[in-house]
Student: 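The structure is given below, and queries will be raised subsequently.
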Amino acid sequence: MALPSSVRLVEVGPRDGLQNEREFVPTHLKLALIERLADAGCKHIEAASFVSPRWVPQMSDHREIMQGIKRRPGVTYSALTPNLKGLEAAIQSGVDEVAVFGAASEAFSQKNINCSIADSLQRFEPVVVQARQAGLRVRGYVSCVLGCPYEGDIEPAQVKWVADALFQMGCDEISLGDTIGTGTPLKAKRMLEAVSAKVPMANLAVHFHDTYGQALANLYAVMEEGISIIDSSVAGLGGCPYAKGASGNVASEDVVYMLNGLGIESGIDLDALARTGDWITCSINQPNRSRVGTALKAACAQ
């Protein structure tokens with residue numbers, strides 16, 4: 001199968017990139033980041049998580065974020081909504097799209113959301129139903145599709161089962177996450193082959209972390225199979241509190257640089273995106289994990 005002519009990037013920096021930092025990131029910085037990402041051409045920005053402040057205090061300003069965004073035409077501002085309470089708050093805050101998040105690993109599901117996979121799916125169903133009744137698109141995230149910090153390798157059949165359950169439930173799009181970044185191209189292709197037997201390729205996205213430096217190789221491998229929706233995080237920010245040692249999501253700058261080199265359209269201004277990555281990492285005193293971003297900064301300094 002040929003590579004896609006265009007790719008839609010889902011920018012998960014504000015959520016995946018900032019929720020795991022040790023200190024609360026000021027609301028004005030989060031809003032400024034969202035604004036800069038939109039300026040750079042990002043059309044799909046996951047802006048907030050309507051999760052319990054008790055568990056994720058860094059995201060306790062979710063209402064202020066969603067209500068403070070200077071909305072742009074053509075830009076989708078989405079949020080995580082793990083339960084009905086979160087969904088109701090997100091709807092009141094004017095969210096454009098919501099997402100539920102499960103796992104392909106029983107152990108990770110227990111660590112992350114304190115319930116089994118089967119129980120998580122039962123919890124998600126009323127959220128998905130009510131969101132669709134409200135006219136919202138729904139994303140379903142599946143974590144640990146290529147490996148788990150507690151169980152090791154995950155069978156593609158297990159990923160297929162969870163992804164299909166979310167799709168049959170009514171999720172418009174299923175994002176397949178290599179949460180600990182241990183996947184390799186062949187494993188990614190085999191997993192995708194299994195899942196796409198149940199869920200149409202057009203309804204699948206990938207969310208690869210770069211812990212072992214394989215994210216871009218894995219992305220190229222699944223794009224060859226027909227994937228055209230990619231989750232990424234500016235400056236490679238992020239990680240997972242329940243996956244010790246896991247690095248951030250693949251850097252948006254690195255993905256766009258690769259797409260540009262392949263002649264694949266993303267609609268994103270790489271220079272503006274790189275400046276955004278440099279700005280936010282300096283602002284929160286975190287390392288810039290984008291190889292492209294740091295290279296462009298060095299080139300400009302010469």
Student: Do Phe208 and Leu146 come close enough that some side-chain heavy atom pair is under 4.5 Å?
Tutor: yes

Student: Can you tell me if Thr211 uses its side chain to pair, donor with acceptor, with the backbone of Ile180 under 3.5 Å?
Tutor: yes

Student: What are the two closest heavy atoms between Val162 and Ala103, and how far apart are they?
Tutor: CG2-O, 3.7 Å

Student: Pair Ile154, Val145 - check side chain to side chain contact (heavy atoms under 4.5 Å, CB included), show working.
Tutor: CA-CA 6 Å; Ile154 299 296; Val145 301; over 6 Å; no

Student: Can you confirm whether more than 12 heavy atoms, excluding those of Arg291, are under 6.0 Å from its CZ atom?
Tutor: no

Student: Going by atom types only, do Ser105 and Glu151 share a side-chain donor-acceptor pair under 3.5 Å?
Tutor: yes

Student: For the side-chain contact (heavy atoms from CB on, under 4.5 Å) test, which of Val206, Asn218, Leu3 pairs with Met223?
Tutor: Leu3

Student: What are the two closest heavy atoms between Glu253 and Gly277, and how far apart are they?
Tutor: OE2-CA, 3.7 Å

Student: Out of curiosity, Leu273 CG to Ile268 CD1, how far, rounded to the nearest 0.5 Å?
Tutor: 6.0 Å

Student: Around atom NZ of Lys297, are there more than 12 heavy atoms from other residues, nucleotides or ligands closer than 6.0 Å?
Tutor: no

Student: When you check the gap from the basic side-chain N to the acidic O, do Glu11 and Lys43 get nearer than 4.0 Å?
Tutor: no

Student: Rounded to the nearest 0.5 Å, what's the gap from CG on Leu87 to CD on Gln92? Could you check?
Tutor: 9.5 Å

Student: Would you call Asp96 and Arg71 a side-chain contact if the rule is heavy atoms closer than 4.5 Å?
Tutor: yes

Student: Answer whether the closest heavy-atom distance between the side chains of Glu35 and Arg72 falls below 4.5 Å.
Tutor: yes

Student: What I want to find out is whether Lys187 reaches Asp178 closely enough, with some N-O distance under 4.0 Å, to be called a salt bridge.
Tutor: no

Student: Any carboxylate oxygen within less than 4.0 angstrom of a Lys/Arg side-chain nitrogen, looking at Lys30 and Asp61?
Tutor: yes

Student: Sequence neighbours left out, what passes side chain to side chain contact (heavy atoms under 4.5 Å, CB included) with Ser93? Give chain and number order.
Tutor: Phe50, Arg63, Met66, Gln67

Student: Is it the case that atom CZ in Phe101 sees more than 12 heavy atoms from other parts of the structure closer than 6.0 Å?
Tutor: yes

Student: Between CD of Glu46 and CG of Leu37, what distance do you get to the nearest 0.5 Å?
Tutor: 12.0 Å

Student: Run the side chain to side chain contact (heavy atoms under 4.5 Å, CB included) test on Ile34 and Tyr77 for me, step by step, so that the C-alpha distance in whole Å, both residues' side-chain angles and the decisive distance to 0.1 Å come before the verdict.
Tutor: CA-CA 9 Å; Ile34 294 168; Tyr77 301 95; 3.7 Å; yes

Student: Are the side chains of Leu219 and Met258 in contact, using a 4.5 Å heavy-atom criterion?
Tutor: yes

Student: Would you say the side chain of Tyr220 lies within less than 4.5 Å of the side chain of Pro185, judging by non-hydrogen atoms?
Tutor: no

Student: Considering all heavy atoms of both residues, which atom of Ile65 and which atom of Ala47 are nearest to each other, and what is their separation?
Tutor: CG2-O, 3.5 Å

Student: Side chains of His44 and Ser78: does their closest heavy-atom pair fall under 4.5 Å?
Tutor: yes

Student: For Leu136 and Ile91, work out which heavy atoms get closest and say how close.
Tutor: CD1-CG1, 3.8 Å

Student: Quick one: does Glu155's side chain have a donor or acceptor within less than 3.5 Å of a partner on Ala157's backbone?
Tutor: no

Student: Over all heavy atoms of both residues, which pair between Tyr141 and Ala99 is shortest? Give the atoms and the distance, please.
Tutor: CE1-CB, 3.5 Å

Student: In the structure I gave you, are the side-chain heavy atoms of Leu262 and Asn260 within less than 4.5 Å of one another anywhere?
Tutor: no

Student: Can you check side chain to side chain contact (heavy atoms under 4.5 Å, CB included) on Val98 and Leu80, steps first, answer last?
Tutor: CA-CA 6 Å; Val98 298; Leu80 291 182; over 6 Å; no

Student: Can Asp254 and Ser290 be said to form a side-chain hydrogen bond (donor to acceptor under 3.5 Å, both in side chains), step by step?
Tutor: CA-CA 6 Å; Asp254 297 358; Ser290 167; 2.8 Å; yes

Student: For the atom pair CG (Asn288) and CD1 (Ile280), what is the distance rounded to the nearest 0.5 Å?
Tutor: 11.0 Å

Student: Quick check: do Arg139 and Asp172 have side-chain heavy atoms less than 4.5 Å from each other?
Tutor: no

Student: Checking Ser175 against Asp231: is there a side-chain donor and acceptor pair closer than 3.5 Å?
Tutor: yes

Student: Sequence neighbours left out, cut at 3.5 Å: what donor-acceptor pairs do the side chains of residues 117-130 make with other protein atoms?
Tutor:
residue: Asp119; atom: OD2; partner: Ser116; partner atom: OG; Å: 3.3
residue: Ser120; atom: OG; partner: Ile117; partner atom: O; Å: 2.6
residue: Arg123; atom: NH1; partner: Ile113; partner atom: O; Å: 3.4

Student: Rounded to the nearest 0.5 Å, what's the gap from CD1 on Ile229 to CG on Leu9? Could you check?
Tutor: 10.5 Å

Student: Using atom types as modelled and distance alone, determine if a side-chain donor or acceptor of Ser233 lies under 3.5 Å from a backbone N or O of Leu237.
Tutor: yes

Student: Under the criterion side chain to side chain contact (heavy atoms under 4.5 Å, CB included), I'd like the reasoning laid out for Met191 against Val159: C-alpha separation, chi angles, the key distance, then a yes or no.
Tutor: CA-CA 7 Å; Met191 178 275 297; Val159 184; 4.1 Å; yes

Student: Which heavy atom of Gln214 sits nearest a heavy atom of Asp210, and at what distance?
Tutor: N-OD1, 3.3 Å

Student: What do you reckon, is CZ of Arg190 surrounded by more than 12 foreign heavy atoms closer than 6.0 Å?
Tutor: no

Student: I need the Arg8 CZ to Ile227 CD1 distance, nearest 0.5 Å.
Tutor: 11.0 Å

